[in-house]
2 protein chains.
Amino acid sequence: MTSDSPTAQVGTRNTRQKAAVLNLLQDNPQFCSAQQVHVQLVNSGEGIGLTTVYRILQALAGAGLVDVLRTDTEQLYRHCSPTHHHHLVCRSCSRTVEIEDRAVEQWAAQAAAEHGFREVTHTVEVFGICAECG
Amino acid sequence: MTSDSPTAQVGTRNTRQKAAVLNLLQDNPQFCSAQQVHVQLVNSGEGIGLTTVYRILQALAGAGLVDVLRTDTEQLYRHCSPTHHHHLVCRSCSRTVEIEDRAVEQWAAQAAAEHGFREVTHTVEVFGICAECG
DNA sequence: CGCTAATTTGCAATGGTTTTCATTAAGAGG
DNA sequence: CCTCTTAATGAAAACCATTGCAAATTAGCG
């Protein structure tokens with residue numbers, strides 16, 4: 001049975017805070033940090049703690065509803081399409097393109113199988129300088 | 001001109017601390033954290049600060065002499081072969097296999113080129129449960 | 001050797017994230 | 001509605017990693 005509540009996809013209960021984070025992300029196509037999300041919510045009148053923002057973002061990431069981009073110093077979050085994909089990120093301006101390819105999935109699965117590994121997951125990030133910055 | 005001093009590959013000077021970190025890593029095939037490296041060195045009588053350990057490990061990683069594995073909470077370091085490769089890591093026991101494949105490199109380069117990106121780099125990690133833990 | 005310049009070191013302070021634990025509140029069942 | 005159970009919240013503490021800056025160390029040179 002699928003959930004009809006907007007926030008039920010993460011955790012077991014619907015809370016004001018989950019809805020607020022989710023709404024903010026859906027309205028914003030940019031990557032933003034947990035701290036930025038927190039400040040924006042507080043400024044817009046939402047009562048929410050920084051810890052809670054971190055936890056909700058983490059849960060959303062685990063559920064595949066947001067992308068996580070780990071920079072050297074911090075982690076950035078962005079609402080994303082729910083299908084499996086990877087990122088092509090500009091080192092200069094952070095412009096991001098979602099990319100997908102079966103070949104990589106198969107390569108990862110096969111490499112793992114050859115060494116007797118099961119329950120395989122993988123992380124892939126591609127970085128470069130985009131055309132506009134180049 | 002190539003360096004003949006064991007630690008000259010990182011930075012411009014040979015110090016006791018660099019040699020100590022390098023020796024420890026070469027004797028240890030496992031991934032370990034900066035903090036673990038620090039504790040082990042101090043316990044074995046080396047006078048060295050935690051900050052310095054972090055900096056040396058960072059420099060070694062930049063020079064390609066050690067692998068960095070970013071987990072959720074910390075970064076792990078391990079001495080590695082100097083050729084480009086990726087990792088297959090057991091989620092349970094952290095056993096690690098170095099894997100390599102041209103297909104992934106080419107895929108990344110091509111995906112980037114299609115979107116007009118230059119100077120492409122990529123990070124790839126594969127996780128699973130190894131045969132012994134499975 | 002001893003002097004000097006410049007890198008390296010390490011403590012302390014900072015930044016970002018996670019954990020702990022007492023409190024709050026969601027929501028199921030009277 | 002009211003109550004009860006349990007998950008979620010949030011303030012403070014803990015944690016990992018980085019940065020600023022003064023002191024110590026290295027290595028080149030007289």
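A quick note: this is a predicted structure, and the numbers were derived from the prediction, not measured. Order of the sequence lines fixes the chain letters, A, B, ..., with proteins taken first and strands second; residue numbering starts at 1 for each chain.
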### Query
Does any donor atom in the side chain of R91(A) or T121(B) lie under 3.5 Å from an acceptor atom in the other side chain?
yes
### Query
With sugar-phosphate meaning primed atoms plus P, OP1 and OP2, does R55(B) contact a base, only sugar-phosphate, or nothing at under 4.0 Å between heavy atoms?
base
## Note on the structure
Here the distance between atom P of dT9(D) and atom CD of E46(A), to the nearest Å, is 12 Å
### Task
Rounded to the nearest angstrom, tell me the gap between atom CD1 in I56(B) and atom C1' in dT25(D).
13 Å
### Message
Strictly below 4.0 Å: does Q58(A) bring a side-chain N or O up to OP1 or OP2 of dT17(C)?
### Response
no
### Task
Starting from C1' on dA24(D), measure out to CZ on R16(B) and report it in whole angstrom.
11 Å
### Query
Does Q17(A) place a side-chain N or O at less than 4.0 Å from the phosphate oxygens OP1/OP2 of dA25(C)?
no
### Task
Ignoring backbone atoms, test whether Q35(A) places a side-chain nitrogen or oxygen under 4.0 Å from the OP1 or OP2 oxygen of dG15(C).
no
### Query
How would you label the contact of L50(B) with the nucleic acid (heavy atoms, under 4.0 Å): base, sugar-phosphate, or nothing?
nothing
### Query
Between E114(A) and Q110(A), does any side-chain donor sit less than 3.5 Å from a side-chain acceptor?
yes
### Task
Provide, to the nearest angstrom, the distance between the NZ atom belonging to K18(A) and the P atom belonging to dG10(D).
12 Å
### Message
Does a side-chain N or O of N14(A) approach OP1 or OP2 of dG27(C) to a distance below 4.0 Å, or not?
### Response
yes
### Query
I48(B) has an atom CD1; how far is it from atom P of dT25(D), in whole Å?
14 Å
### Query
Rounded to the Å, how far apart are L69(B) CG and dA17(D) C1'?
16 Å
### Task
Take atom CG of L76(B) and atom P of dC15(D), then tell me their distance rounded to the nearest Å.
17 Å
### Summary
In whole angstroms, the gap separating P of dA17(D) from CG of L57(B) amounts to 10 Å
### Query
Counting N and O atoms only, with roles assigned by atom type, does the side chain of N23(A) sit under 3.5 Å from a partner on the main chain of A19(A), one being a donor and the other an acceptor?
yes
### Query
Would you say Q75(A) reaches dG16(C)'s phosphate, i.e. side-chain N/O to OP1/OP2 under 4.0 Å?
no
### Message
Nearest to the side chain of T12(A), heavy atoms from C-beta on, is which of dT9(D), dA12(D), dA7(D)?
### Response
dA7(D)
### Query
Could a donor-acceptor pair under 3.5 angstrom be found where the side chain of R13(B) meets the base of dA27(D)?
no
### Query
Going by distance alone, is a donor N or O of one side chain under 3.5 Å from an acceptor N or O of the other, for S81(B) and E98(B)?
yes
### Query
Among Q35(A), H38(A), Q75(A), whose side-chain hydrogen bond (donor to acceptor under 3.5 Å, both in side chains) with Y54(A) holds?
Q35(A)
### Task
Mind checking T73(A) for me? I need base, sugar-phosphate or nothing, with any heavy atom below 4.0 Å counting as a touch.
sugar-phosphate
### Message
Would you say Y54(B) places a side-chain N or O within less than 4.0 Å of OP1 or OP2 belonging to dA17(D)?
### Response
yes
### Query
Can you tell me if the side-chain N/O atoms of T51(A) get under 4.0 Å from OP1 or OP2 in dA11(D)?
no
